[in-house]
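To start, the structure itself, in structure tokens.
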Amino acid sequence: MPLAWASVFNPRSFRGRLTLWFGGLSLATLLSVGLYVGHIATEELADFGGQSLHISARSATDLLASQLAERDREIRLLSQAAAFTRGDLRDPEIGRMLAARRQTFDQYAWIGLTDAQGRVLQASDDLLVGQDVSQRPWFQAALQGPYTGDVHEALLLAKQFPQRTPDEPLRFIDFAAPIRDAQGRVRGVLGAHVHWSWVTATVESVVTQSAARRKVEVLIANSAGDILYPFRLAGAVRMPTRSRPGAAYEALRWPNGQTYLTSQVEVQARTSVDLGWRIVLRQPLDAALEPVRVLRQQLLLFGLVAAAVFALIAYRLATRVSQPIEQLAEAMHHIERGDQPPVYPQDGEQVTEIRQLSDSIQSMTGAVLRHERELEALNASLEQQVRERTEALSIANQELERLATIDSLTGLNNRRRFDARLHESFQLMRRTERGFCLMLVDVDHFKSINDQHGHQSGDEVLRRLGHLLTQCTRVTDFVARYGGEEFVVLVPDVEDEDEGRLIAEKIRTTIAGAVFPAVGRVTASVGLSCTRKGDTEAGEVVARADQALYQAKAEGRNRVVWL
């Protein structure tokens with residue numbers, strides 16, 4: 001027994017060496033495979049997390065851009081209403097109109113109008129009426145044209161509204177537009193303050209509960225890199241410098257010393273003033289790679305257990321093999337000392353030990369192979385998960401691209417797709433001098449249709465109108481929903497303006513002659529404009545068509561006006 005125990009703890013003995021080699025080899029093999037699998041999983045998981053952040057950031061920017069553009073356009077169009085441009089600005093009906101507009105969109109904190117000197121004439125809830133706002137930035141900027149202002153703390157209205165968030169001051173963004181008479185002179189300014197919480201709620205809506213559990217944060221930054229939201233970071237944190245401009249996501253080290261997977265997308269809002277905002281989604285890199293860390297810990301634990309098991313098996317095998325050798329060594333000692341007759345291992349025992357050793361080695365080899373197959377299966381499972389998630393991401397990208405270019409109500413192209421097509425057509429016109437015509441089609445008295453027949457009937461009118469526009473235009477013409485009850489038709493390769501008038505008149509008469517379910521007859525006004533040699537940008541064609549549509553409405557509706 002003393003000799004056996006000495007051989008157990010002696011690393012130079014056969015048992016000790018075999019035990020150490022088998023235990024170390026199994027541990028090294030499992031750790032190497034685990035590190036390799038962890039490396040692959042880290043790269044794939046980081047890429048998947050970064051792409052997910054980019055998709056969410058892109059969705060948030062698209063949603064916020066459309067909302068900002070809608071508010072900006074709403075104020076501009078409202079300032080051009082006849083009641084403002086030609087009527088008495090002190091008319092109580094205008095006050096009721098402003099109150100109704102605020103009730104329609106409850107995120108308006110204040111909406112009102114001033115005279116040309118900056119004195120508030122009318123406002124929702126009569127707030128600030130009679131006060132001088134001539135020194136406010138939104139008023140001064142609106143004297144020159146439509147204005148969209150950056151976020152700022154409430155000043156005059158700070159005491160008029162309850163504090164929505166205890167640890168954050170009341171903040172607004174401004175929309176304003178000049179009110180001009182028929183000669184273009186400024187009669188006053190229409191302004192609106194929108195709660196900043198509307199912007200933040202719009203952006204936060206894209207973050208799902210699962211993303212929140214993964215510690216995904218949403219931030220809003222300006223063009224200088226200053227944080228605007230959340231308020232706890234405003235003025236305290238700046239955006240880190242991007243190492244790969246244009247990349248969908250990056251792993252950036254923030255001022256707090258922590259590394260985040262970061263994706264930032266500029267808000268391409270078509271507002272009167274480019275705010276230069278960026279939507280930033282960030283996730284701690286440790287949180288993004290948490291599944292890989294858990295996997296590595298599990299592989300390490302598994303490797304240690306497997307190494308201990310293999311070492312025990314190796315010890316038992318070495319014991320079975322060393323016993324005959326130890327008997328022979330003991331016999332040689334007895335022969336050397338001559339104290340007693342030597343005892344030799346029996347032949348049958350030797351054959352049995354060799355056979356058992358062979359069987360054990362085969363068993364160990366099979367166990368190692370099984371573990372390797374399990375690791376290969378685990379690796380294949382991880383790769384399959386990565387492929388499935390990549391495929392799901394591709395499908396989601398395709399669906400987002402489709403949703404981003406198709407109007408969900410009418411099935412026509414949406415405003416975003418139209419803007420791209422307009423830009424392409426204008427560039428083609430500049431290269432080849434092949435002009436095009438643009439028609440803005442607006443349903444007459446659409447609000448009355450919604451009020452009398454309900455919004456479902458109004459939606460059906462829009463769907464039917466989109467179908468009629470598709471039927472009475474050519475395959476090469478481009479039809480899109482411009483917004484609300486307004487549609488746009490882009491007619492390429494027109495010979496002259498008369499051809500555009502014929503198409504516009506055909507559209508008008510087709511709509512006037514159609515019967516709409518539950519509504520009956522519906523008419524539409526059409527504003528037409530064709531490209532001219534002096535046009536320097538596509539917006540000039542749109543502006544003329546919009547002015548023509550406004551003139552058609554003013555002249556009595558159900559007519560075509562071209563400029």
Side-chain angles (χ1 to χ4, degrees), residues 58-81 84 97-112 124 138 141-142 145-151 172-178 190-206 220 265-277 279 400 403-410 412-420 422 440-443 446-447 450 455 458-459 462 466 480-488 527 539 542-543 545-546 549-550 553:
R58 175 63 64 184
S59 300
T61 55
D62 290 344
L63 180 60
L64 181 57
S66 63
Q67 293 288 343
L68 289 172
E70 183 177 347
R71 298 282 79 76
D72 178 81
R73 184 170 179 271
E74 182 179 26
I75 294 300
R76 285 192 289 110
L77 293 180
L78 185 60
S79 69
Q80 298 168 7
F84 293 90
M97 182 188 305
L98 296 178
R101 187 61 58 121
R102 182 179 180 276
Q103 292 175 357
T104 301
F105 183 69
D106 59 3
Q107 291 299 336
Y108 278 132
W110 179 86
I111 180 170
S124 57
W138 61 267
Y147 171 75
T148 300
D150 210 337
V151 60
F172 299 134
I173 58 174
D174 299 330
F175 296 92
L190 177 64
H193 299 326
V194 179
H195 286 290
W196 173 244
S197 59
W198 165 70
V199 174
T200 60
T202 300
V203 174
E204 288 283 1
S205 65
V206 304
I220 303 176
V265 181
E266 294 184 4
V267 179
Q268 301 291 339
R270 297 182 177 275
T271 53
S272 304
V273 176
D274 184 10
L275 298 174
W277 291 350
I279 303 301
L400 285 174
L403 293 175
T405 57
I406 298 299
D407 178 59
S408 60
L409 177 63
T410 63
L412 298 176
N413 297 292
N414 65 6
R415 173 69 177 274
R416 179 182 178 186
R417 182 69 184 100
F418 163 72
D419 290 338
L422 176 64
L440 290 178
V441 183
D442 188 88
V443 181
F446 185 73
K447 184 177 184 301
N450 281 334
H455 286 82
D459 290 345
L462 296 179
R481 186 181 180 191
Y482 198 66
E485 67 272 18
E486 196 169 355
F487 296 81
V488 63
V542 178
D546 190 60
L549 176 61
Y550 178 77
K553 292 287 187 179

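- The shortest side-chain heavy-atom distance between V488 and L422 does not fall under the 4.5 Å cut-off.
- Within a 6.0 Å sphere centred on CD of Q67, heavy atoms belonging to other residues, nucleotides or ligands number more than 12.
- No more than 12 heavy atoms of other residues, nucleotides or ligands lie within 6.0 Å of CZ in R270, so this atom counts as exposed by the packing criterion.
- Taking CG from D106 and NE2 from H195, the interatomic distance works out to 8.0 Å, rounded to the nearest 0.5 Å.
- A pairwise comparison of heavy atoms in L78 and F84 identifies O-CD1, 3.2 Å as the closest pair.
- Nearest approach of S79 to L190, heavy atoms of both residues: N-CD2, 3.7 Å.
- Closest heavy-atom contact between A177 and A142: N-CB, 4.1 Å.
- Using a 4.5 Å heavy-atom cutoff, the side chains of I279 and V203 are in contact.
- The line from CD of Q80 to CG of D546 is 7.0 Å long, rounded to the nearest 0.5 Å.
- Taking R417 as the reference, nothing meets the side chain to side chain donor-acceptor pair (under 3.5 Å) condition, with sequence neighbours excluded.
- A pairwise comparison of heavy atoms in T148 and L275 identifies O-CD2, 3.6 Å as the closest pair.
- At a threshold of 4.5 Å between non-hydrogen side-chain atoms, the residues D62 and V265 do not count as touching.
- The side-chain heavy atoms of I220 and V199, taken from C-beta on, include a pair separated by under 4.5 Å.
- In this structure, N413 CG and I406 CD1 are separated by 5.0 Å, a value rounded to the nearest 0.5 Å.
- Put simply, the side chain of L462 reaches to within 4.5 Å of the side chain of F487, judged on heavy atoms.
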Problem set entry | Check against side chain to side chain contact (heavy atoms under 4.5 Å, CB included), T61 and W277 | CA-CA 9 Å; T61 55; W277 291 350; over 6 Å; no
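- To the nearest 0.5 Å, atoms CD (E74) and OH (Y108) are separated by 3.5 Å.
- Scanning all heavy atoms of the two residues, the minimum distance from G145 to P178 falls at C-CD, 3.5 Å.
- In this structure, L440 CG and E486 CD are separated by 5.0 Å, a value rounded to the nearest 0.5 Å.
- A donor-acceptor pair is defined here as one N or O able to donate and one able to accept, closer than 3.5 Å; such a pair exists between the side chain of S124 and the backbone of I111.
- Counting only heavy atoms from C-beta outward, the side chains of E485 and D442 approach each other to under 4.5 Å.
- At distances below 3.5 Å, not a single donor-acceptor pair connects side-chain atoms of R102 with backbone N or O atoms of F105.
- Between F172 and W110, the distance from one ring center to the other does not fall under 6.0 angstrom.
- In this structure, the separation between CD on Q268 and CG on D274 is 7.0 Å, given to the nearest 0.5 Å.
- For the pair V542 and Y482, the tightest heavy-atom approach, listed with the atom from each and the gap, is CG1-OH, 3.5 Å.
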